[in-house]
*Asks:* 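If you scroll down you'll find the structure; I have some questions about it.
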Amino acid sequence: MKRNLLAAASCLLGYWASGQSGISGELKTEYIPFSSYIRPEDSVKTNSKSDFKRADLNLSIPLSMKKDSSGRVKAWSLLLSGSYAKMTHKDYEKQLFPDQMLNAQTGIQHIRPLGKKWSLMMTASVGVYTDLEQISSDDILGQGGVLFIRHFNPNLALGAGPVLTTAFGVPMILPWIYFDWKTNGKIKLNINFPEGMEAGYLFTDKFALKAVVNLSGMTVERNKDGKSMLLGYQQITAGIRPELKLNDKLSLRLTGGTALLRSFSENDRKIKNIFKEKKMDDPKFASTLYVAVSLRWNLP
């Protein structure tokens, strides 16, 4: 799914659990080089090619935070998120895909304890999802989710709940699953569906190496023959991610691997179309290299 408020809320869950009270965020850039377009009608790899470049920014700004007698956090925060993607297309007979995509959202996150072993996290957002050709009220969409988290011990947490997302084109409700486990601070496994998963080893306090799989995408509203349509871009990437802690407030993450899947899907704005059987595959691109660089900060 796209890197949006759902992803921001999950990566910031750990910050709140540790009592972090300052601005937290992440700036991330991604690059996928040119790869061949595979047309949907016959699954033939063509000479047409497209690349993908994207910049993401996620911010959490605390509005209030209180601790109960056991030190657990009750907090409200403002979430800001933006993604801008640029695609270059070569050797197409006609324009099939947008040159630019912009998703920008603002929302609220609330986290609070529910008894001694449970926590509740809620997010809600509204944003603009556009190809920048013509921006109108049709480009405004909402998202939100509720996550119930069971804390078995300081090293193990499991959460689940519903999330309303537009990341795959048509608004849909998906299960939001969160799993976080570590052993003595060295080995760690984190699953955040539908965002992805990572498994890693902490070599020192300043360096970790992880294997990662991520699902992400973007959504834009387009006017087609006088009808409002949603175009969804999806990608699945896998690779190795070294993480370097630069200081107590700043960390650097480098990812190198493969873009296993890149595809587009177009739908009108009816949820029932999610369940319709497709007459042909979605247009997609051949697998190729994937690289990303991100900077995370956590201010006191």
*Asks:* Under 6.0 Å from the ring centre and within 45 degrees of the ring axis: does the NZ or CZ of R150 meet both conditions for the six-membered ring of F148?
*Replies:* no
*Asks:* Of all the heavy-atom pairs spanning F285 and I38, show the shortest one and how long it is.
*Replies:* C-CD1, 4.1 Å
*Asks:* What residues form a salt bridge (charged side-chain N to carboxylate O under 4.0 Å, His left out) with D131, not counting sequence neighbours?
*Replies:* none
*Asks:* Distance check, rounded to the nearest 0.5 Å: L244 atom CG versus L209 atom CG?
*Replies:* 12.0 Å
*Asks:* Which pair of non-hydrogen atoms, one from E221 and one from S228, has the smallest distance, and what is that distance?
*Replies:* OE2-OG, 2.8 Å
*Asks:* So, S251 and E243: side-chain donor and acceptor under 3.5 Å apart, yes or no?
*Replies:* no
*Asks:* Assess whether side-chain hydrogen bond (donor to acceptor under 3.5 Å, both in side chains) is satisfied between Q235 and S216, documenting all intermediate values.
*Replies:* CA-CA 5 Å; Q235 68 180 35; S216 65; 3.2 Å; yes
*Asks:* Pair Q143, S125 - check side-chain hydrogen bond (donor to acceptor under 3.5 Å, both in side chains), show working.
*Replies:* CA-CA 5 Å; Q143 300 191 85; S125 72; 4.6 Å; no
*Asks:* Does Y92 have any ring-ring contact (aromatic ring centres under 6.0 Å, His included) partners at least two apart in sequence or in another chain, and if so, which?
*Replies:* Y37, H89
*Asks:* Among the clusters formed by ILVMFWY side chains lying less than 4.5 Å apart, do M121 and L114 turn up in the same one?
*Replies:* no
*Asks:* Measure the shortest side-chain to side-chain distance between P98 and L231 over non-hydrogen atoms and say whether it is less than 4.5 angstrom.
*Replies:* yes
*Asks:* With no hydrogens and no angle check, just 3.5 Å: does a side-chain donor-acceptor pair link S50 and R262?
*Replies:* no
*Asks:* Under 4.5 Å between any side-chain heavy atoms of Y129 and M218, yes or no?
*Replies:* no
*Asks:* Has E93 got more than 12 heavy atoms of other residues, nucleotides or ligands less than 6.0 Å from its CD?
*Replies:* no
*Asks:* Around Q134, counting heavy atoms of other residues, nucleotides and ligands shown, do more than 12 lie under 6.0 Å from its CD?
*Replies:* no
*Asks:* Side-chain contact test, heavy atoms from C-beta onward, threshold under 4.5 Å: evaluate it for I23 versus P62 and give yes or no.
*Replies:* yes
*Asks:* For atom CG of N47, is the number of surrounding heavy atoms from other residues, nucleotides or ligands below 6.0 Å larger than 12?
*Replies:* no
*Asks:* Side chains of D138 and N223: does their closest heavy-atom pair fall under 4.5 Å?
*Replies:* no
*Asks:* More than 12 heavy atoms of other residues, nucleotides or ligands under 6.0 Å from NZ of K74: yes or no?
*Replies:* no
*Asks:* Please list all pairs passing the ring pair (Phe, Tyr, Trp, His ring centres under 6.0 Å) test where one or both residues lie in residues 205-227, with sequence neighbours left out.
*Replies:* F203-F207
*Asks:* Out of S294, S81, S24, which residue meets the side-chain hydrogen bond (donor to acceptor under 3.5 Å, both in side chains) rule with N58?
*Replies:* S81
*Asks:* Is the number of heavy atoms from other residues, nucleotides or ligands within 6.0 Å of CG (N153) greater than 12?
*Replies:* yes
*Asks:* Could you check if a side-chain atom of F152 sits within less than 4.5 angstrom of a side-chain atom of K117, using non-hydrogen atoms only?
*Replies:* no
*Asks:* Can you list every pair that meets salt bridge (charged side-chain N to carboxylate O under 4.0 Å, His left out) and has a residue in residues 197-206, with sequence neighbours left out?
*Replies:* E198-K210, E198-R241, E198-R253
*Asks:* Got a sec, which residues hit ring-ring contact (aromatic ring centres under 6.0 Å, His included) with F52, two or more places apart in sequence or on another chain?
*Replies:* Y233
*Asks:* Within a 6.0 Å radius of atom NZ on K86, are there more than 12 heavy atoms belonging to other residues, nucleotides or ligands?
*Replies:* yes
*Asks:* Could you tell me if the side chain of D51 sits less than 4.5 Å from the side chain of P33, heavy atoms only?
*Replies:* no
*Asks:* Run the salt bridge (charged side-chain N to carboxylate O under 4.0 Å, His left out) test against E266 and tell me which residues pass, sequence neighbours left out.
*Replies:* R222, K224
